[in-house]
Amino acid sequence: MRTIDLRPGEDTIRLGQLLKLVDAVPTGAQVKDVLLSGAVAVNGEQEERRGRQLHTGDVVSIVGHEDVRIR
């Protein structure tokens, strides 16, 4: 499992930003397509909202990629 640290002073990161950060999508324009395909889950539940706020301890699963834990 890969771990992503939030920047100092930040409490959250948006799901769309995380997907770009871990190279799960090549461009921001493709985030919506990946989410609508059902390829992303947050804490075991399928997620389609690119603006979903992720917090410390959340685990994001992306089909074809290593799971990511927010720290």
Side-chain angles (χ1 to χ4, degrees):
M1 180 174 300
R2 182 173 175 183
T3 302
I4 297 293
D5 292 315
L6 293 174
R7 289 187 242 172
E10 291 188 353
D11 295 329
T12 63
I13 184 172
R14 293 181 192 266
L15 181 57
Q17 292 172 317
L18 178 79
L19 294 176
K20 290 186 289 183
L21 181 66
V22 300
D23 295 324
V25 293
T27 67
Q30 293 176 320
V31 169
K32 185 176 181 179
D33 293 336
V34 170
L35 291 171
L36 291 177
S37 75
V40 179
V42 176
N43 299 326
E45 295 184 19
Q46 185 178 345
E47 184 59 70
E48 295 180 352
R49 297 173 293 162
R50 73 184 300 161
R52 162 82 184 257
Q53 296 289 322
L54 303 171
H55 302 272
T56 300
D58 285 342
V59 176
V60 179
S61 302
I62 309 155
V63 172
H65 295 272
E66 185 176 14
D67 287 356
V68 179
R69 179 180 304 277
I70 308 301
R71 183 170 66 173

From [X] [atom1] over to [Y] [atom2], what is the distance, rounded to the nearest 0.5 angstrom?
X: R69; Y: T56; atom1: CZ; atom2: OG1; value: 11.0 Å
X: R52; Y: D58; atom1: CZ; atom2: CG; value: 6.0 Å
X: D67; Y: I62; atom1: CG; atom2: CD1; value: 8.0 Å
X: M1; Y: S61; atom1: CE; atom2: OG; value: 7.0 Å
X: E48; Y: L35; atom1: CD; atom2: CG; value: 7.5 Å

* Heavy-atom side-chain contact between V60 and V22 under 4.5 Å ->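 Not touching, per the 4.5 Å side-chain cut-off.
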* Are L54 and L6 connected in the hydrophobic side-chain network, where two residues link if heavy atoms are under 4.5 Å apart? -> yes
* Asked: What closest approach, in Å, do G57 and N43 show between heavy atoms, and which atom pair accounts for it?
  -> O-OD1, 4.3 Å
* **Least distance between heavy atoms, R2 atom then I4 atom** =>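 That would be NE-CD1, 3.8 Å.
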Can you give each donor-acceptor pair under 3.5 Å made by side-chain atoms of residues 11-20, sequence neighbours left out, with the distance rounded to 0.1 Å?
| residue | atom | partner | partner atom | Å |
| --- | --- | --- | --- | --- |
| T12 | OG1 | Q53 | OE1 | 2.6 |
| Q17 | OE1 | R14 | N | 3.1 |

* To do: Verify the neighbour count for atom CD of E45: are there more than 12 heavy atoms of other residues, nucleotides or ligands below 6.0 Å?
  =>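 Count not over threshold, so no.
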* For the side-chain contact (heavy atoms from CB on, under 4.5 Å) test, which of V31, V63, V34, V25 pairs with V40? -> V34
